[in-house]
Enquirer: 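Can you keep this structure in mind? I'll have questions shortly.
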Amino acid sequence: MMRVFSAGDPSLVEEVAFSFGIRFTHEAGSFQPPHQSEPHVPVSSFSRGTLQLAITIAGVLVQCFKKVFVKGKYCRLSFQGSFLRWQQRVTPYARLVRIFLILVLMAYAFYHNARRVIMSSHLMPGHFEGTIIRKKKLKEPNLKVDLVRTLLIDNYDSYTYNIYQELAVINGLPPVVVRNDEWTWKDICHYLYDEDAFDNIVISPGPGSPTCPTDIGICLRLLHECSDIPILGVCLGHQALGYVHGAQIIHAPQPVHGRLSEIEHNGSRLFHGIPSGRNSGFKVVRYHSLVIDADSLPRDITPIAWTSSSDALSFLATQKSDIIPDDYESQFGEKSHLDSTLTKLEKENCWPSCHSEGMQSKRVLMGVKHSTRPHYGVQFHPESVATSYGRQILKNFKEVTADYWSRWRSSLFSKRDAYHAAHMQVPHVKRLSMEDQISGKLMRSADGTLCRDTRSGQLVCNKNEKSSFALFNMPTIPCSSTSVKFLKLKWRKFDQLASKVGGARNIFSELYGDDKAENSFWLDSSSIEKGRARFSFMGGKGGSLWKQVTFTLSDQSDMTSKCGGHLLIKDAQGSSSIIYLEEGFLDFLDKELLSFRYEEKDYEGLPFDFYGGYIGYLGYNLKVECGTAPNRHKSTTPDACFFFADNLVVIDHCSDDVYILSIHDESTTMTSWLDDTEKKLVGIKASTTRKSGKQTSEAASFSPSEAGFQAEKSREQYIKDVKKCLRYINDGKSYELCLTAQMRKTIGEIDSLGLYLHLREKNPAPYAAWLNFSLENLCICCSSPERFLRLDRNGVLEAKPIKGTIARGLTQEKDEQLKLHLQQSEKDQAENLMIVDLLRNDLGRVCEPGTVHVPHLMDVESYATVHTMVSTIRGKKQPSMSAVDCVRAAFPGGSMTGAPKLRSVEILDSLETCSRGIYSGSIGFFSYNQTFDLNIVIRTVVIHEGEASIGAGGAIVALSNPEEEYEEMILKTRAPAKAVTEFLQ
């Protein structure tokens with residue numbers, strides 16, 4: 001079987017070729033082995049009759065010598081201009097066939113003036129197996145294609161699902177996401193050619209370099225072999241496009257991560273309708289340390305975009321112009337267009353003035369295109385929240401794809417048959433065109449990874465895969481082995497009672513403060529300014545449904561990809577049991593929550609989302625259950641610990657109302673808890689305790705080391721590790737690394753609740769928490785200002801990452817100056833933007849297409865001791881996703897890891913000398929009705945077995961100064977360390 005690549009219209013030659021297994025496409029092949037060329041033969045030397053006769057004779061000869069020809073070594077024919085050049089190493093029999101095929105191809109060129117025809121043997125190394133014949137091109141005028149099926153190759157990046165979200169909306173149905181090492185080449189060929197399941201391919205960004213096989217996976221071969229399918233490479237994918245054709249990959253003049261550049265382009269089809277040049281409004285976000293060396297570009301690769309200048313800009317600096325990023329636009333308006341009199345060839349091959357002397361070094365290549373294939377690459381990130389016209393670029397790529405295939409397919413790809421052709425589409429995704437759910441042939445098991453079903457030839461789960469991130473391409477199926485529990489809720493409301501009885505502190509102390517507040521919890525919104533938080537939840541050991549679950553990862557799970565561990569369960573009657581969870585804690589929690597049955601009318605009228613359920617923490621090491629590499633360090637505290645709270649008190653800080661709630665199942669009767677608690681509440685007397693004032697000046701000068709806290713790393717070692725992070729960033733291994741350290745102090749037996757009450761006065765925070773797990777000799781005093789993730793009863797997910805922190809000033813004037821400095825800091829803006837895009841990606845795994853948005857970007861919030869830069873990301877959860885699916889998609893919080901998350905976590909584990917434990921994890925609740933609210937564990941004192949520990953760190957980016965990073969880390973420990981020191985005095 002032969003393959004013929006063509007750029008012209010169909011002719012009799014195509015009919016002959018198709019009848020003998022010869023395949024035609026638009027674009028020329030490449031990567032052919034070098035051969036010696038032979039003389040050119042002018043087309044004009046043959047008459048029309050000779051050419052017609054050649055078609056007939058060549059067809060007969062091809063049939064006669066087909067077997068000999070197929071066994072030939074290599075064959076390459078190319079037509080350029082009015083000459084036909086042929087290069088070949090074949091058998092003598094095949095040489096005769098070649099002569100007549102030359103005549104056939106000359107006839108084809110004579111009638112249709114093709115740009116290039118290339119024929120290559122099926123046996124060329126790496127080419128596809130089996131029949132891969134495409135349908136003939138349409139003779140009708142080009143028509144629009146409504147739906148486009150995209151294969152999205154994920155290079156283990158943390159921005160892939162931002163591309164996924166955009167493509168799902170633009171293409172009309174979601175792309176299929178496959179990791180770069182998930183499919184074999186045989187799988188790729190099967191779905192691209194045998195199944196004809198995809199119209200185009202997008203290659204995602206990712207850490208590392210295209211020169212490293214483990215970083216780029218199968219992408220190089222895709223770019224090499226798939227010359228006949230449109231491909232768009234983003235960042236790493238862009239570099240791979242250049243590298244696979246012979247360009248060199250070098251370090252950029254400077255690493256640029258989370259900053260923007262103005263872009264100039266040549267009017268290529270990919271940039272249709274997008275302005276160009278300085279002050280045009282076309283500014284894009286960059287995350288890269290490596291670039292294609294423009295001086296090494298081969299002839300096949302054409303530059304189509306570049307930076308307008310060497311200067312990278314901060315996000316807020318770009319807002320001084322009229323730029324409106326895509327996430328803030330409801331639709332695109334009319335944009336300025338380039339000169340329509342330029343021919344398409346001129347647009348695609350024009351290189352800008354930056355090739356002139358003195359300009360090349362100032363500009364960075366930002367876009368390329370293959371000269372004959374429908375392959376494009378962009379170095380920047382069109383999917384970023386701050387990129388202008390990013391959505392238009394992806395729309396243009398859809399149009400490129402539609403135009404390409406409309407010339408080839410005998411029938412248009414319509415809505416009616418789209419879902420039959422899209423064999424690979426994700427089953428759980430809601431159809432945007434209101435069709436029935438896609439009957440996908442990809443299936444999922446417990447670990448969510450994929451393999452082929454030998455019975456059907458399709459793909460099902462493969463438990464040997466090393467990552468579980470593929471889970472988020474599949475629906476959650478409740479485990480049938482979990483018993484169903486029917487819960488009933490009873491509640492009472494007390495209008496404007498909180499202030500009458502002394503507020504949240506008095507209520508907690510009176511109801512739960514006795515006996516050292518054992519087995520108690522308090523999710524404490526102690527800072528409610530500007531609507532940051534509204535409700536506080538508190539409780540203790542409750543009714544018959546109460547229990548404590550404590551999970552510890554097994555030693556084996558720290559050495560392998562498994563995430564099993566032991567779960568200790570202690571119930572209200574004092575009975576204990578230990579079970580081994582092979583699939584880990586999150587799987588257990590998911591099954592528990594899915595087992596609950598309830599009536600929504602039970603909580604109608606309640607303004608909050610926690611009605612009872614699990615309340616506690618997830619430790620940082622549970623990242624191993626979310627697809628990361630195995631943990632290098634074992635935590636000294638349990639990896640997860642939760643109470644099942646069946647009785648609780650809720651305070652509405654906005655209305656001053658107090659609620660008491662109690663849940664029970666069908667096997668138990670209501671207790672008198674509601675009556676007893678009501679009597680206690682109304683009998684509480686208001687406290688006259690005076691609250692301490694803010695002591696920002698003292699906190700700013702306080703040194704944790706002087707208070708007896710011992711840092712696990714010296715100042716010198718921490719700075720050395722920051723420099724290592726910068727080297728990783730400079731080499732493209734990561735965009736941002738959140739390096740942390742721990743400080744510890746032996747404190748013996750203390751009044752832990754008293755310490756927390758002191759901390760909440762000195763450093764109030766909207767997501768503060770008190771947890772006392774007496775059985776584990778563990779207390780957590782948390783004053784976190786950061787929300788990790790919330791899911792409300794309407795299915796809306798919200799994340800509020802913090803990146804960017806500065807100390808408060810001693811005077812009001814100095815304080816305002818410092819706040820302004822933070823707001824204008826290019827470094828802090830870059831940190832924040834990277835994490836915003838990361839959280840958008842994480843939400844994009846589980847949210848409906850088109851719903852992830854950023855209502856607040858880089859707001860500055862002020863707390864007792866610091867100013868912080870905060871952003872808000874929201875999205876609508878897919879109905880098929882459970883609460884735990886959402887957490888697993890985003891845990892641990894991106895603000896504590898950096899980006900890309902998987903590679904960054906791996907690097908951080910190698911630099912940090914001990915487990916983070918509870919620090920960097922999350923505290924919060926999982927309600928029985930599948931809502932949840934979790935914080936990020938920062939600004940926290942963990943008291944375990946007589947020792948107090950405080951974790952702190954900061955995001956390392958290309959603009960970081962090692963000494964300043966150390967000072968920022970120390971700043972974040974001051975408030976909790978000072979609270980401990982003051983309380984012990």
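The basis for the numbers below is simple: all heavy atoms, side chains too, and nothing from hydrogens, waters or symmetry mates. Here the structure is a predicted model, which means the values were calculated and not measured. Numbering of residues begins at 1 and proceeds along the displayed sequence.
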Enquirer: Say whether, by atom type as modelled, one donor and one acceptor occur between the side chain of S734 and the main chain of I729 under 3.5 angstrom.
Expert: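 Absent.
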Enquirer: With sequence neighbours excluded, tell me which residues meet side chain to side chain donor-acceptor pair (under 3.5 Å) with H867.
Expert: R808, D815, S862
Enquirer: Please name all residues satisfying ring pair (Phe, Tyr, Trp, His ring centres under 6.0 Å) with Y159, sequence neighbours left out, ordered by chain then number.
Expert: Y287, H381, Y735
Enquirer: Hey, does C847 have a side-chain heavy atom less than 4.5 Å from the side chain of Q878?
Expert: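 No; the side chains remain at least 4.5 Å from each other.
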Enquirer: Check salt bridge (charged side-chain N to carboxylate O under 4.0 Å, His left out) between R534 and all other residues, then give those that pass, not counting sequence neighbours.
Expert: D652
Enquirer: Is it the case that T740 and R916 place a side-chain donor and acceptor less than 3.5 Å from each other?
Expert: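 A pair is found: one side chain offers a donor N or O, the other an acceptor, under 3.5 Å apart.
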Enquirer: Report the distance from atom CD of E264 to atom OG of S276, rounding to the nearest 0.5 Å.
Expert: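 Reported to 0.5 Å precision, the distance equals 4.5 Å.
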Enquirer: Could you check F380 against H238 for side chain to side chain contact (heavy atoms under 4.5 Å, CB included), going step by step and ending with a plain yes or no?
Expert: CA-CA 9 Å; F380 55 87; H238 155 90; over 6 Å; no
Enquirer: H288 side chain to L290 main-chain N or O, any donor-acceptor pair under 3.5 Å?
Expert: yes
Enquirer: By salt bridge (charged side-chain N to carboxylate O under 4.0 Å, His left out), which residues pair with E826, not counting sequence neighbours?
Expert: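 Expected list: R259.
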Enquirer: Are a donor atom and an acceptor atom from the side chains of D154 and T160 found within less than 3.5 Å of each other?
Expert: yes
Enquirer: For T897 and S904, which I'm curious about, is there any donor-acceptor pair between the side chains at under 3.5 Å?
Expert: no
Enquirer: Evaluate the side-chain proximity of V202 to P175: yes if any heavy-atom separation is below 4.5 Å, no if none is.
Expert: no
Enquirer: Checking K800 now: which residues fulfil side chain to side chain donor-acceptor pair (under 3.5 Å) with it, not counting sequence neighbours?
Expert: none
Enquirer: Does the side chain of L365 come within less than 4.5 Å of Q379's, by heavy atoms?
Expert: no
Enquirer: Just by distance, do the side chain of S525 and the backbone of F535 share a donor-acceptor pair under 3.5 Å?
Expert: yes
Enquirer: Applying side chain to side chain contact (heavy atoms under 4.5 Å, CB included), name anything that partners A883, two or more places apart in sequence or on another chain.
Expert: L791, Q930, F932
Enquirer: Would you say R715 and Y718 make side-chain contact, with heavy atoms under 4.5 Å?
Expert: no
Enquirer: Measure the spacing between OG of S314 and CG of L260 and express it to the nearest 0.5 Å.
Expert: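 Going from the OG atom of S314 to the CG atom of L260 covers 8.0 Å.
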Enquirer: For a 4.5 angstrom cut-off between non-hydrogen side-chain atoms, does D792 reach K877?
Expert: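 No; the side chains remain at least 4.5 Å from each other.
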Enquirer: Side chains of K762 and K978, heavy atoms from C-beta outward: is any pair under 4.5 Å?
Expert: no
Enquirer: If you define the side chain from C-beta out and look only at heavy atoms, does anything of L843 sit under 4.5 Å from L789?
Expert: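 A side-chain contact exists here, since the closest heavy-atom pair is under 4.5 Å.
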Enquirer: To the nearest 0.5 Å, what is the distance between CG (L737) and CZ (R903)?
Expert: 11.0 Å
Enquirer: Determine yes or no for a side-chain-to-main-chain donor-acceptor pair under 3.5 angstrom, with E848 supplying the side chain and K876 the backbone.
Expert: no
Enquirer: So, using salt bridge (charged side-chain N to carboxylate O under 4.0 Å, His left out) as the criterion, who are the partners of E798 when residues are at least two apart?
Expert: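 E798 satisfies salt bridge (charged side-chain N to carboxylate O under 4.0 Å, His left out) with R787, R790, R874 once adjacent residues are dropped.
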Enquirer: Give, for atom CD of E906 and atom OG1 of T628, the distance between the pair rounded to the nearest 0.5 Å.
Expert: 8.5 Å
Enquirer: Which residue is it: D157, D842, N841? I am looking for the one with a side chain to side chain donor-acceptor pair (under 3.5 Å) to K901.
Expert: D842
Enquirer: Would you say the side chains of E166 and N162 form a donor-acceptor pair under 3.5 Å?
Expert: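 Checked: E166/N162 side chains show no N/O donor-acceptor pair below 3.5 Å.
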Enquirer: If the condition is side chain to side chain contact (heavy atoms under 4.5 Å, CB included), which residues does D731 pass it with, not counting sequence neighbours?
Expert: H251, K733
Enquirer: List for me each residue that meets side chain to side chain contact (heavy atoms under 4.5 Å, CB included) alongside T868, sequence neighbours excluded, and say none if there are none.
Expert: I802, T805, E861, Y863, V866, V870, R939
Enquirer: Could you tell me if the side chain of I938 sits less than 4.5 Å from the side chain of P785, heavy atoms only?
Expert: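 In short, these two side chains touch, coming nearer than 4.5 Å.
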Enquirer: Please name all residues satisfying salt bridge (charged side-chain N to carboxylate O under 4.0 Å, His left out) with K713, sequence neighbours left out, ordered by chain then number.
Expert: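 Only D721 meet the salt bridge (charged side-chain N to carboxylate O under 4.0 Å, His left out) criterion with K713.
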Enquirer: Tell me every residue that passes ring pair (Phe, Tyr, Trp, His ring centres under 6.0 Å) with F537, counting only those two or more places apart in sequence or in another chain.
Expert: F608, F610, F925
Enquirer: Could you tell me whether the side chain of Q165 and the main chain of G844 form a donor-acceptor pair under 3.5 Å?
Expert: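 Yes; judged by distance alone, with no hydrogens or angles, the pair exists.
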Enquirer: Give a yes or no answer on whether the side chain of T307 reaches the backbone of V364 with a donor-acceptor pair at less than 3.5 Å.
Expert: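 Here the side-chain-to-backbone pair exists.
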Enquirer: To the nearest 0.5 Å, what is the distance between OG1 on T872 and NE2 on H853?
Expert: 9.5 Å
Enquirer: Could you check whether any side-chain N or O of R840 sits under 3.5 Å from a backbone N or O of E383, counting only pairs where one atom can act as donor and the other as acceptor?
Expert: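 Side chain of R840 to backbone of E383, a donor-acceptor pair under 3.5 Å: yes, one is there.
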Enquirer: If we ignore hydrogens and angles and just use 3.5 Å, is the side chain of N935 paired with the main-chain N or O of Y767 as donor and acceptor?
Expert: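 Checked: pair present.
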Enquirer: For E816, which residues count as a side chain to side chain contact (heavy atoms under 4.5 Å, CB included) partner, sequence neighbours excluded?
Expert: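 E816: side chain to side chain contact (heavy atoms under 4.5 Å, CB included) contacts with K819.
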Enquirer: Would K827 and E964 pass as an ion pair if we require N to O under 4.0 Å?
Expert: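 E964 and K827: not salt-bridged.
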Enquirer: I'd like to know whether F315 forms a side chain to side chain contact (heavy atoms under 4.5 Å, CB included) with N832, so could you lay out the CA-CA distance, the side-chain angles of the two residues, the decisive distance to 0.1 Å, and finally the verdict.
Expert: CA-CA 10 Å; F315 170 72; N832 198 284; over 6 Å; no
Enquirer: Measure from the side-chain N and O atoms of K803 to the backbone N and O of S895, and report whether any donor-acceptor pair falls under 3.5 Å.
Expert: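 Flag set: sc K803 to bb S895 pair under 3.5 Å.
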Enquirer: Nearest 0.5 angstrom please: T387 OG1 to R286 CZ, how far?
Expert: 11.5 Å
Enquirer: I'd like to know if the side chain of T931 reaches the main chain of R793, judged simply by a donor and an acceptor atom lying under 3.5 Å from each other, with no hydrogens or angles considered.
Expert: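 No, the answer is negative, given that no donor and acceptor are paired below the 3.5 Å cut-off.
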